[in-house]
Number of protein chains: 2
Amino acid sequence: MSDFLTTGLSTAVQKKIEELVLQGKLQGGDKLNEVELAEMFGTSRGPIREACKGLVQAGLLTAVPNRGVFVRKMDVREALEVYDIRAFLDQLIGQLAATHGTAQQIRELWDIHARLDKAVRADDFEAYYPENLSFHEKLLAMTGSERLTQMYLALVKELHLFRRKGLIQQGSMDVSNAEHALILEAISQRDPVKTGLAMRNHVMTAKQRLVTAIELQSVGEGLQS
Amino acid sequence: MSDFLTTGLSTAVQKKIEELVLQGKLQGGDKLNEVELAEMFGTSRGPIREACKGLVQAGLLTAVPNRGVFVRKMDVREALEVYDIRAFLDQLIGQLAATHGTAQQIRELWDIHARLDKAVRADDFEAYYPENLSFHEKLLAMTGSERLTQMYLALVKELHLFRRKGLIQQGSMDVSNAEHALILEAISQRDPVKTGLAMRNHVMTAKQRLVTAIELQSVGEGLQS
DNA sequence: ATCTAATAAATTGTCGACAATCTACCACAG
DNA sequence: CTGTGGTAGATTGTCGACAATTTATTAGAT
């Protein structure tokens with residue numbers, strides 16, 4: 001609740017609730033109780049309702065008239081749809097990054113890639129994960145497009161709603177970082193088209209990994225029942 | 001205010017305010033007065049504030065703490081950024097439409113295209129405009145992707161904020177509909193890649209027309225001053 | 001006359017209370 | 001025992017009022 005001065009109370013509350021959702025403390029389908037949240041944050045229900053309205057618009061919550069707001073439930077189908085969208089936005093990100101990125105920024109990407117490679121060799125996912133985020137955030141910064149950045153981050157948040165993260169995260173740090181290398185190579189050559197395609201491919205393979213992981217899990221469940 | 005029963009008062013108000021913005025009755029930079037709007041819609045300020053919060057999240061308004069909400073101002077740079085994003089989303093739309101569209105839907109696209117062609121030959125923009133919207137909405141429906149549809153429509157709305165619509169609309173119905181023909185050809189062949197590229201190209205040429213129109217206008221203004 | 005400071009008006013931010021609606025529980029008939 | 005109806009409790013929806021902040025106005029000094 002620190003940035004309450006700069007952005008207003010309802011926005012601060014909105015971020016807090018968003019955190020709860022992204023951390024999974026509020027799971028898909030859970031109902032949000034206004035008075036409960038109001039007491040939790042020490043405010044009245046007004047700002048809580050405004051915050052929820054914002055999160056509904058952002059796609060993290062869903063509202064049912066006269067019944068309240070719920071954490072959005074994302075099924076496999078929707079998750080795959082989001083992956084497709086992300087893939088094409090990433091293609092654009094790649095094109096713009098290769099066009100507008102500075103030499104300094106490209107160097108920093110190589111640095112991150114080196115750290116990622118180190119994590120891969122150590123098979124250290126805990127180290128890999130944050131660096132991977134840095135990699136993609138850096139690319140976003142290189143686009144210079146405010147709107148694209150906002151939209152992309154919103155999609156990433158949305159994917160957190162798909163709670164079988166084990167499926168998403170598990171696997172193939174080595175493959176993933178090999179794809180990073182291809183992206184970096186293309187961007188270093190200042191080839192927007194090649195960079196874009198490498199980025200899109202990067203997401204599509206991640207999507208494909210998810211699909212196969214889900215199929216495997218389904219088979220497993222099928223055997224159990 | 002008819003769907004107040006189904007979606008709640010604040011949502012109905014949100015749509016009303018959105019209309020005001022999209023119709024240009026509220027122009028970029030205009031300040032929204034809460035009590036004024038409350039009286040206009042016959043409600044208290046609570047629902048108004050919630051509606052505004054939603055529209056801020058949607059990108060149509062901007063909020064300044066303790067000073068109120070304003071209609072978002074979109075400059076040329078931002079408009080071009082949105083065009084880029086739209087182009088890549090359209091590519092995805094094309095791929096999905098070519099993959100999942102039914103034969104019936106494709107026939108309906110050809111029907112719309114025929115009416116567009118008629119409007120072109122009559123040089124009748126008033127007839128062209130709504131049919132053009134239908135064409136793209138039909139393609140959206142063919143994707144079967146809820147999220148993509150929502151995201152795309154949000155971008156289209158956002159572009160309405162760029163108030164020099166004359167620049168956007170004017171021009172080249174014939175070129176535009178020739179591109180539609182290419183899209184339809186590809187989609188009839190059930191070629192997702194080709195369809196996607198045709199769609200992306202369709203948006204990028206529109207963007208290019210906007211760029212040249214702006215340059216022309218700038219030159220004109222330069223001579224006047 | 002212009003700039004600054006103080007004050008008044010207007011506007012936003014927040015809250016508590018009441019009305020409308022939904023949910024859970026219990027009594028009762030079949 | 002099961003299903004139905006009704007009542008009590010809980011929750012959302014809306015409102016009007018007050019506090020905090022900004023904006024406009026006015027008075028005064030240079």
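Small disclaimer: the values here were computed from a predicted structure and weren't measured. Numbered from 1 within each chain, the chains take letters A, B, ... in sequence-line order.
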Fill in the blank from the handout: Of B:Lys31 and A:Ser44, the one whose nearest nucleotide on DNA chain C sits closer to the 5' end is B:Lys31

Practice task
Indicate whether any N or O donor in one side chain lies under 3.5 Å from an N or O acceptor in the other, for A:Thr11 and B:Lys53.
Solution key: yes

Completion exercise
In the 5' to 3' direction, the nucleotides of DNA chain D bounding the stretch that comes under 4.0 Å of a heavy atom in chain A are D:dT11 to D:dT14

Practice task
Output all residues satisfying salt bridge (charged side-chain N to carboxylate O under 4.0 Å, His left out) with A:Glu34, sequence neighbours left out; order by chain, then residue number.
Solution key: A:Arg45, A:Arg49

Fill in the blank from the handout: B:Glu36 atom CD is separated from C:dT11 atom P, nearest whole Å, by 8 Å

Practice task
Report which part of the nucleic acid B:Ile48 touches: base, sugar-phosphate, or nothing (heavy-atom distance under 4.0 Å, all strands).
Solution key: nothing

Problem - Rounded distance in Å - CZ (B:Arg67) to P (C:dA10) - result: 18 Å

Practice task
Can you tell me the distance, in whole Å, between the CD atom of A:Glu34 and the P atom of C:dT21?
Solution key: 16 Å

Handout entry: Residue pair B:Glu179 / B:Thr205, side-chain donor-acceptor N/O under 3.5 Å
Key = yes

Handout entry: Spacing of A:Phe70 atom CZ relative to C:dC22 atom C1', expressed in whole Å
Key = 11 Å

Problem - Side chain B:Asp84, main chain B:Glu81, donor-acceptor under 3.5 Å - result: no

Practice task
Please state whether the rings of B:Tyr129 and B:Phe125 are parallel, tilted or perpendicular, taking 30° and 60° as the class boundaries.
Solution key: tilted

Problem - Modelled atom types, side-chain donor and acceptor of B:Gln57 and A:Gln14, under 3.5 Å - result: yes

